[in-house]
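Throughout, numbering of the chain's residues begins at 1 and tracks the sequence. When reading the values below, keep in mind they use all heavy atoms of this one structure, side chains included, and skip hydrogens, waters and symmetry mates.
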Amino acid sequence: QVQLVESGGGLVQAGGSLRLTCLASGLSFSTYNMGWFRQAPGKEREFVAAISWVGGTPYYADSVKGRFAISRDNAKNTVYLQMNSLKPEDTAVYYCAASPEVRLTTLKYDYAYWGQGTQVTVSS
């Protein structure tokens, strides 16, 4: 059974930082592309960042470029999202997701497995 478990969310002031962690189990982690998505109240779930199973240049949403960084540790079955210079508009539930697609993708429909999410709240 595949499980993705996010942690590291919380309440932070604008300009602050958080690091989200996603621990994966039940899948061959090193062969999956991994992504982070987020969903704010009343909005669609949107792409944030993705990293390939083979490494290479990660993808980022324009809204987080230069502030967020995705990384992975295949030995620990873990993917991270370092979030700096947080803004109130970053407030959302953040989801970790795994994609079996060969190519790195930003489309949520290409991700087969999802975590339960972790809340990030940025106060102004």
Side-chain angles (χ1 to χ4, degrees):
Q1 180 181 358
V2 176
Q3 281 194 308
L4 302 178
V5 180
E6 303 96 336
S7 61
L11 173 64
V12 63
Q13 288 189 329
S17 298
L18 284 174
R19 188 174 84 153
L20 305 184
T21 298
C22 173
L23 176 62
S25 60
L27 76 169
S28 183
F29 179 78
S30 63
T31 67
Y32 279 76
N33 298 326
M34 298 298 296
W36 287 96
F37 291 76
R38 67 187 181 186
Q39 188 167 16
K43 294 189 176 182
E44 293 283 326
R45 191 170 299 189
E46 65 175 8
F47 168 76
V48 175
I51 187 167
S52 169
W53 65 278
V54 293
T57 304
Y59 290 176
Y60 295 99
D62 288 343
S63 59
V64 307
K65 276 181 184 176
R67 301 188 298 122
F68 290 11
I70 187 172
S71 60
R72 66 189 295 163
D73 185 337
N74 287 343
K76 295 182 178 179
N77 285 7
T78 301
V79 62
Y80 306 96
L81 185 68
Q82 178 66 44
M83 305 187 296
N84 300 325
S85 302
L86 282 160
K87 304 175 181 180
E89 50 264 44
D90 295 319
T91 295
V93 177
Y94 282 71
Y95 297 91
C96 170
S99 171
E101 298 290 327
V102 173
R103 72 193 191 289
L104 192 58
T105 174
T106 65
L107 301 176
K108 58 188 176 185
Y109 308 106
D110 287 332
Y111 287 78
Y113 303 108
W114 293 83
Q116 292 299 307
T118 185
Q119 177 70 47
V120 171
T121 303
V122 184
S123 63
S124 56

Q: Begin with the C-alpha distance, continue with both residues' side-chain angles, and end with the deciding distance and a verdict on side chain to side chain contact (heavy atoms under 4.5 Å, CB included) for E6 and W36.
A: CA-CA 10 Å; E6 303 96 336; W36 287 96; 3.9 Å; yes

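- When only modelled atom types and interatomic distance are considered, S99 and D110 share no side-chain donor-acceptor pair under 3.5 Å.
- Side-chain N or O atoms of Q39 include one that pairs as donor or acceptor with a backbone N or O of K43 at under 3.5 Å.
- Taking all atoms of both residues into account, the shortest heavy-atom contact from C96 to L4 is O-CD1, 3.8 Å.
- Listed by chain and number, the hydrophobic cluster partners of V5 come to none, as no ILVMFWY side chain reaches under 4.5 Å of it.
- Summarising the geometry, atom CG belonging to L104 is positioned 11.5 Å from atom CE belonging to M34; distances are rounded to the nearest 0.5 Å.
- Annotation for S124 and A14: closest pair CA-CB, 4.4 Å, computed over non-hydrogen atoms.
- Put simply, the side chain of S30 never gets that close to the backbone of N74: no donor and acceptor are under 3.5 Å apart.
- By the criterion of side-chain heavy atoms lying less than 4.5 angstrom apart, applied directly or through intervening Ile, Leu, Val, Met, Phe, Trp or Tyr residues, F37 is not grouped with L107; the two fall into different hydrophobic clusters.
- If you run side chain to side chain contact (heavy atoms under 4.5 Å, CB included) between R38 and each of V93, T91, V120, V64, only V64 comes through.
- A donor-acceptor contact shorter than 3.5 Å is absent between the side chain of Y111 and the backbone of P100.
- Here T118 contributes atom OG1 and L20 contributes atom CG; the two are 6.0 Å apart, rounded to the nearest 0.5 Å.
- For Y59 (side chain) and F47 (main-chain N/O), no donor-acceptor pair under 3.5 Å exists by modelled atom type.
- Here the OG atom belonging to S52 is positioned 14.0 Å from the OH atom belonging to Y32, to the nearest 0.5 angstrom.
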**Q.** Candidate pair S17 and N84, rule side chain to side chain donor-acceptor pair (under 3.5 Å), full reasoning
**A.** CA-CA 4 Å; S17 298; N84 300 325; 2.9 Å; yes

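- Placement of V48 and Y80 in two distinct hydrophobic clusters is found when ILVMFWY residues are connected by side-chain heavy-atom separations under 4.5 Å, directly or transitively.
- Heavy-atom minimum distance, S71 versus I51: CA-CD1, 3.9 Å.
- Across all non-hydrogen atoms, the minimal contact from V79 to F29 is N-CZ, 4.1 Å.
- Here the side chains of K87 and R67 are in contact, with some heavy-atom distance below 4.5 Å.
- Through direct or relayed side-chain contacts under 4.5 Å between Ile, Leu, Val, Met, Phe, Trp and Tyr, L23 connects to no other residue.
- Figure legend: R45 and W114 shown as a cation-pi pair, the cationic atom lying under 6.0 angstrom from the six-membered ring centre and within 45 degrees of its axis.
- The number of heavy atoms from other shown groups lying within 6.0 Å of CD (Q116) does not exceed 12.
- Looking at K108 and E44, a side-chain N of the basic residue comes within less than 4.0 Å of a carboxylate O on the acidic one, giving a salt bridge.
- Between the side chain of N33 and the backbone N or O of W53 there is at least one donor-acceptor pair closer than 3.5 Å.
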Q: Give the intermediate values and the outcome of side chain to side chain contact (heavy atoms under 4.5 Å, CB included) for residues V12 and T121.
A: CA-CA 6 Å; V12 63; T121 303; over 6 Å; no

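- Here the straight-line distance linking atom CE of M83 with atom CG of L18 works out to 4.5 Å at 0.5 Å rounding.
- Rounded to the nearest 0.5 Å, atoms OH (Y95) and CG (L81) are 15.0 Å apart.
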